[in-house]
Amino acid sequence: MVYAILTFFVFFLLAGSGLLLAFYREALGRRVAAVLLARESSDARSRTLMMRGRELFYACTDFASTLLPKSGTELSAAQKRLTRAGYRNSSAARVLFGAKLIVPVLACLIAFVTGLFELSPLLVFGACLLMGYLLPDFYLDHRIGKRSVEINRGLPDVLDLLVVCLEAGLSLDQGVMRVIDETGGSFPALADEIGLVMLEVRAGRPRVTAWRSLVERTRSDQVRALVAILTQADQFGTGISKNLRIHSETMRTRQRQRVEEQAAKTAVKLVFPLLLFIFPTVWVVVLGPAVIMIAENLK
């Protein structure tokens with residue numbers, strides 16, 4: 001009897017679900033389509049707002065950069081730094097110089113609105129102007145360092161994959177293109193730089209010159225050693241797979257030693273937070289009641 005009742009309920013649920021799907025499929029489809037369209041419209045509005053804000057920012061920086069003329073040498077040096085940070089757009093230099101004028105003005109405006117200038121107008125506005133002028137350079141240096149760390153971190157894995165491709169019978173250029181396709185999501189900075197090298201080679205630039213330009217863009221010792229191996233293999237026809245594997249193992253060893261060094265410095269770095277933050281609170285908790293009792297007894 002119990003099994004018959006359970007069978008009836010299961011059959012009823014299945015039949016009801018089938019009928020709902022049969023008769024209300026169009027209604028469900030309309031509801032799902034309405035939700036998806038609403039989401040797409042909201043995403044389109046957000047993208048439109050972002051594009052307008054970006055265009056307004058670029059317009060402001062372009063106008064501000066005209067107020068601060070630069071020589072060709074300064075523009076070239078700034079363009080090299082921007083390239084090392086991953087900004088290859090032709091307007092990147094104008095944005096940098098424009099930001100050096102806009103950010104100090106915004107900092108002074110914030111100090112004026114918040115009333116911070118009342119402490120010392122000359123000192124506060126001077127600090128705002130100086131820090132606002134140097135802040136874009138600090139941000140650019142941070143981006144350069146972060147990109148360099150990403151490139152050095154992903155280079156051993158990229159070399160291992162390149163060695164596998166070369167040992168499978170692919171040529172150097174074919175192996176590099178396969179590596180770019182496989183590691184574009186994991187190491188985008190390194191894949192971008194190597195992809196630019198392959199674009200230069202396809203455009204007719206000599207392979208050795210294209211790889212040396214990678215060293216100029218990254219300024220990394222590990223990349224310089226890699227380019228030296230590739231240049232030697234291209235000029236003298238020496239074996240490349242074994243050298244790349246040795247270079248990859250060497251880089252992993254250096255990274256492991258660097259991590260061990262940082263771990264060993266942790267104990268020394270913890271001394272200052274202990275002295276400044278933890279020990280004073282412990283003294284207050286331990287000696288506070290005793291000090292209060294002594295003060296009451298002395299009264």
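Every heavy atom of this structure was used, including side-chain atoms; hydrogens, water molecules and symmetry mates were not. What you see is a predicted model; the values in this text were computed from it and never measured.
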Is there a path from Met177 to Ile194 through hydrophobic residues (I, L, V, M, F, W, Y) whose side chains come within less than 4.5 Å of each other?
->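 In one cluster with Met177: Ile194, yes.
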Show me the donor-acceptor pairs within less than 3.5 Å that the side chains of residues 266-281 make with the rest of the protein, sequence neighbours left out.
residue	atom	partner	partner atom	Å
Thr266	OG1	Gln262	O	3.1
Thr266	OG1	Ala263	O	3.1
Thr281	OG1	Phe277	O	3.3
Thr281	OG1	Ile278	O	2.6

Enter the distance from [X]:[atom1] to [Y]:[atom2] here, rounded to the nearest 0.5 Å.
X: His247; Y: Leu230; atom1: NE2; atom2: CG; result: 9.0 Å
X: Leu214; Y: Leu196; atom1: CG; atom2: CG; result: 8.5 Å
X: Gln255; Y: Gln257; atom1: CD; atom2: CD; result: 11.0 Å
X: Arg217; Y: Asp192; atom1: CZ; atom2: CG; result: 8.5 Å
X: Glu150; Y: Thr218; atom1: CD; atom2: OG1; result: 13.5 Å

For [X], side-chain contact (heavy atoms from CB on, under 4.5 Å) partners two or more places apart:
X: Cys108; result: Phe125, Cys128, Leu129
X: Tyr87; result: Leu82, Ala85, Ala92, Tyr139, Leu140, Arg143
X: Leu106; result: Ile102

Can you give each donor-acceptor pair under 3.5 Å made by side-chain atoms of residues 152-170, sequence neighbours left out, with the distance rounded to 0.1 Å?
residue	atom	partner	partner atom	Å
Asn152	OD1	Ser220	OG	2.6
Asn152	ND2	Ser148	O	3.2
Asp157	OD1	Arg252	NH2	2.5
Asp160	OD1	Ser248	OG	2.9
Asp160	OD2	Arg252	NH1	2.6
Asp160	OD2	Arg252	NH2	2.7
Glu167	OE1	Arg245	NH2	3.4
Glu167	OE2	Arg245	NH2	2.3

Hey, what else clusters with Val113 if you join Ile, Leu, Val, Met, Phe, Trp, Tyr whenever side-chain heavy atoms sit under 4.5 Å?
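In the cluster with Val113 are Leu109.
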* Asked: To which residues is Leu122 joined in a hydrophobic cluster, defined by side-chain heavy-atom contacts under 4.5 Å among Ile, Leu, Val, Met, Phe, Trp and Tyr, whether direct or through other members?
  ->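 Result for Leu122 is none, singleton.
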Taking side chain as C-beta onward, heavy atoms only, is Thr83 less than 4.5 Å from Glu216?
->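 Side-chain contact under 4.5 Å: no.
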- Is any side-chain heavy atom of Arg224 less than 4.5 Å from a side-chain heavy atom of Arg212?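 Side-chain contact under 4.5 Å: no.
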Original post:
Going by an N to O cut-off under 4.0 Å, is there a salt bridge joining Glu193 and Arg147?
Top reply: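 Looking at Arg147 together with Glu193, the answer is yes, because their closest N to O distance falls below 4.0 Å.
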My understanding is that only residues two or more places apart in sequence, or in another chain, count here; which of them pass side chain to side chain donor-acceptor pair (under 3.5 Å) with [X]?
X: Asp141; value: Arg81
X: Glu261; value: Lys265
X: Gln222; value: none

Determine the minimum heavy-atom distance between [X] and [Y], stating which atoms define it.
X: Ile144; Y: Arg84; answer: CG2-NH2, 3.6 Å
X: Pro136; Y: Val103; answer: CG-CG2, 4.5 Å
X: Gly132; Y: Pro104; answer: C-CG, 3.4 Å

Only distances under 3.5 Å count here; give the side-chain donor-acceptor pairs of residues 203-211 to other protein atoms, sequence neighbours excluded, each with its distance to 0.1 Å.
residue	atom	partner	partner atom	Å
Arg205	NH1	Glu200	OE1	3.2
Arg205	NH1	Glu200	OE2	3.4
Arg207	NE	Asp173	OD1	3.3
Arg207	NH1	Asp234	OD1	3.1
Arg207	NH2	Asp173	OD2	2.8

Exercise answer: donor-acceptor pairs, residues 181-190 side-chain atoms, under 3.5 Å, sequence neighbours excluded:
residue	atom	partner	partner atom	Å
Glu182	OE2	Arg178	NE	3.2
Thr183	OG1	Val179	O	2.6

